[in-house]
Amino acid sequence: MYIENSRKIHLARRPEGMPVAEDFEIVTESVAELKDGEVLVKNLWMSVDPYMRGRMIDRASYIEPFKVGSVLEGGAIGEIVESRNPAFPEGAKVSSMNGWREYFIADGQGLQLLPETGAPVQSFLGVLGMPGMTAYTGLLKIGELKEGDNVFVSAASGAVGAIVCQIAKLKGCYVAGSVGSDEKAEYLKSLGVDAVVNYKTSTDLQADIAKACPKGVDVYFENVGGAHLEAVLNQMNEYGRIAVCGMIDQYNATAPVPGPANLSLLIIKKLKMQGFIVFDHWDGYPAFVQQMGEWLQQGKINARETVYEGIASAPDAFMGLFTGKNTGKMLVKLG
Ligand SMILES: NC(=O)c1ccc[n+]([C@@H]2O[C@H](COP(=O)([O-])OP(=O)(O)OC[C@H]3O[C@@H](n4cnc5c(N)ncnc54)[C@H](OP(=O)(O)O)[C@@H]3O)[C@@H](O)[C@H]2O)c1
């Protein structure tokens, strides 16, 4: 099958501060005929994720930076529309890191066949994929969650945060979180979250977090950093754990960001603070999918999605992550 006008999105230049439309470019390519062993994949869904902002900076990190003038990469779910590889029959659904494009040819490397779970395929970019696994691993393994713990979650209505909140509730914990709108706060309350702080309307974040956590915080699931970290540190209970998942407050910073002034509380309160990258824990993925699949079937987890339509909307969806346009997992529907 010859595809003449397959669209993809290039990084046009490295963003300075908050990304803008001019940092991205839509490019059209033709996708040629297959050779033996190859498959043609039509992407159906693609993921946009905050960590991609870090890859737009030219610096050494746990993952290679994106190249200017090259197609962006990200999680995607696609369908095999033509196959010359018996391991990937036509019609099969696959996940890959070849998002930000409509079609691509692969030799099977980097493609994973999706298991039959009954869940919508795009769940493998959200609750059953990397964000869900991040929530599960960060809370249970890094945060060493125990029944009855008092938990605080920042960016609590996002792809990772909303799943963290719900797992913590399933484990019998008191859960409070912070979000950027009253609608998001209502959503979290509908999930059973005990207290929610709107950090955008709060005039005293420290006091509002203290009020939301009357028994202090045993586990802080950190997605934001900055003022949030300083405020929650003050509320941590002795021997508390801070699972540092992300610091989205700094991803668009144009100058070095000062650390919290009260970091010595780590000593005084005997706290453990650990960053993690979910891919280092991927050996736990089969057990996670089994457990999360059960919770979903039992209706115990709500997996909200915010969906943008068409590949041209991907830059807007990505930029929207930094202005709070999503509740739950931010996705782009293709095709
Ligand atoms: N360590 C890992 O392996 C790993 C894996 C996945 C994700 N992460 C990290 O986990 C965090 C959440 O990721 P996600 O995919 O679930 O994204 P997400 O929470 O679905 O989307 C980002 C959300 O962050 C909030 N936000 C944006 N800028 C903010 C700011 N300056 N201060 C406070 N809140 C802000 C917005 O919600 P509001 O309306 O509430 O502001 C926005 O909707 C990110 O920091 C990400 O980098 C880490």
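Everything numeric in this text was worked out from a predicted model, so none of it was measured. For ligands, and for the atoms within them, numbers begin at 1 and follow the listed sequence.
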Around atom 5 (C) of ligand 1, find the nearest protein heavy atom and jot down its residue, atom name and distance. T134 OG1, 3.3 Å
Non-hydrogen atom of G328 closer than 4.0 Å to ligand 1: yes
Row check, F66 ring normal vs R55 NZ/CZ: under 6.0 Å, within 45°: yes
Closest approach of any protein heavy atom to atom 19 (O) of ligand 1, naming residue and atom: G158 CA, 3.3 Å
K200 atom NZ, neighbour heavy-atom count above 12 within 6.0 Å: yes
Does CD in E16 sit with more than 12 non-hydrogen atoms of other residues, nucleotides or ligands closer than 6.0 Å? no
Which atom pairs, donor and acceptor, lie under 3.5 Å between side-chain atoms of residues 115-132 and protein residues at least two apart or in another chain?
{"residue": "T117", "atom": "OG1", "partner": "A119", "partner atom": "N", "Å": "3.1"}
{"residue": "Q122", "atom": "NE2", "partner": "E305", "partner atom": "OE1", "Å": "3.3"}
{"residue": "S123", "atom": "OG", "partner": "P120", "partner atom": "O", "Å": "2.8"}

As an exercise, identify every atom of ligand 1 less than 4.0 angstrom from a heavy atom of M247. 45 (O)
How far is atom 29 (C) of ligand 1 from the closest protein heavy atom, and which atom is that? I248 CG2, 3.6 Å
Are R101 and E29 close enough for a salt bridge, meaning some N to O gap below 4.0 Å? no
Report the nearest protein non-hydrogen atom to atom 40 (O) of ligand 1: residue, atom name, distance rounded to 0.1 Å. G180 N, 2.8 Å
contact_flag M130 ligand 1 heavy-atom lt 4.0 Å: yes
Select one of side chain, backbone, both or neither to describe which atoms of N223 lie under 4.0 Å from any atom of ligand 1, heavy atoms only. both
Under 4.0 Å from a heavy atom of V278: give me the atoms of ligand 1 that qualify, with their elements. 2 (C), 3 (O)
Can you tell me the protein heavy atom closest to atom 22 (C) of ligand 1 and the distance? L321 O, 3.5 Å
Within 4.0 Å of some non-hydrogen atom of A159, the atoms of ligand 1 are 16 (O), 18 (P), 19 (O), 20 (O)
Run the salt bridge (charged side-chain N to carboxylate O under 4.0 Å, His left out) check on E238 and K270 step by step: do they pass? CA-CA 6 Å; E238 280 198 345; K270 294 151 276 190; 3.2 Å; yes
Which atoms of ligand 1 are found less than 4.0 Å from any heavy atom of G246? 9 (C), 45 (O)
Non-hydrogen atoms of C245 versus ligand 1: any pair closer than 4.0 Å? yes
Can you confirm, on distance only, whether ligand 1 has an N/O atom lying under 3.5 Å from any N/O atom belonging to Y251? yes
Should you measure from each heavy atom of V224, which atoms of ligand 1 turn up under 4.0 Å away? 32 (N), 33 (C), 34 (N)
Please report which non-hydrogen protein atom sits nearest to atom 17 (O) of ligand 1, along with the residue it belongs to and the distance in Å to one decimal place. P50 CG, 3.4 Å
Please confirm whether K184 comes under 4.0 Å of ligand 1, counting heavy atoms of the residue only. yes
Do E147 and K171 meet the salt-bridge criterion of a basic N to acidic O distance under 4.0 Å? no
protein heavy-atom neighbour closest to atom 7 (C) of ligand 1 works out as V160 CG2, 4.0 Å
Flag the pair D107 and R84 as a salt bridge only when some basic side-chain nitrogen lies within less than 4.0 angstrom of an acidic carboxylate oxygen. no
Could you tell me which residues satisfy side chain to side chain donor-acceptor pair (under 3.5 Å) with K189, sequence neighbours excluded, listed by chain and number? none
Evaluate side-chain contact (heavy atoms from CB on, under 4.5 Å) for F221 paired with S154, printing each intermediate quantity in order. CA-CA 7 Å; F221 195 101; S154 51; over 6 Å; no
Y199 neighbourhood, listing ligand 1 atoms whose heavy-atom distance to it stays under 4.0 Å: 29 (C), 30 (C), 32 (N), 33 (C), 34 (N), 35 (C), 38 (P), 40 (O), 41 (O)
Measure the distances from the heavy atoms of F279 to every atom of ligand 1 and state whether one is below 4.0 angstrom. no
Where is the nearest protein heavy atom to atom 43 (O) of ligand 1: which residue, which atom, and how far? N326 OD1, 2.5 Å
Establish, yes or no, whether the cationic atom of R241 lies under 6.0 Å from the six-membered ring centre of Y220 and within 45° of the ring axis. no
Ring-plane angle category for F318 and W100, please: parallel below 30°, perpendicular beyond 60°, tilted otherwise. perpendicular
Salt-bridge criterion met for D316 and K325 (N-O under 4.0 Å): no
If you count the atoms of ligand 1 from 1 in the order shown, which ones are under 4.0 Å from a heavy atom of F276? 1 (N), 2 (C), 3 (O)
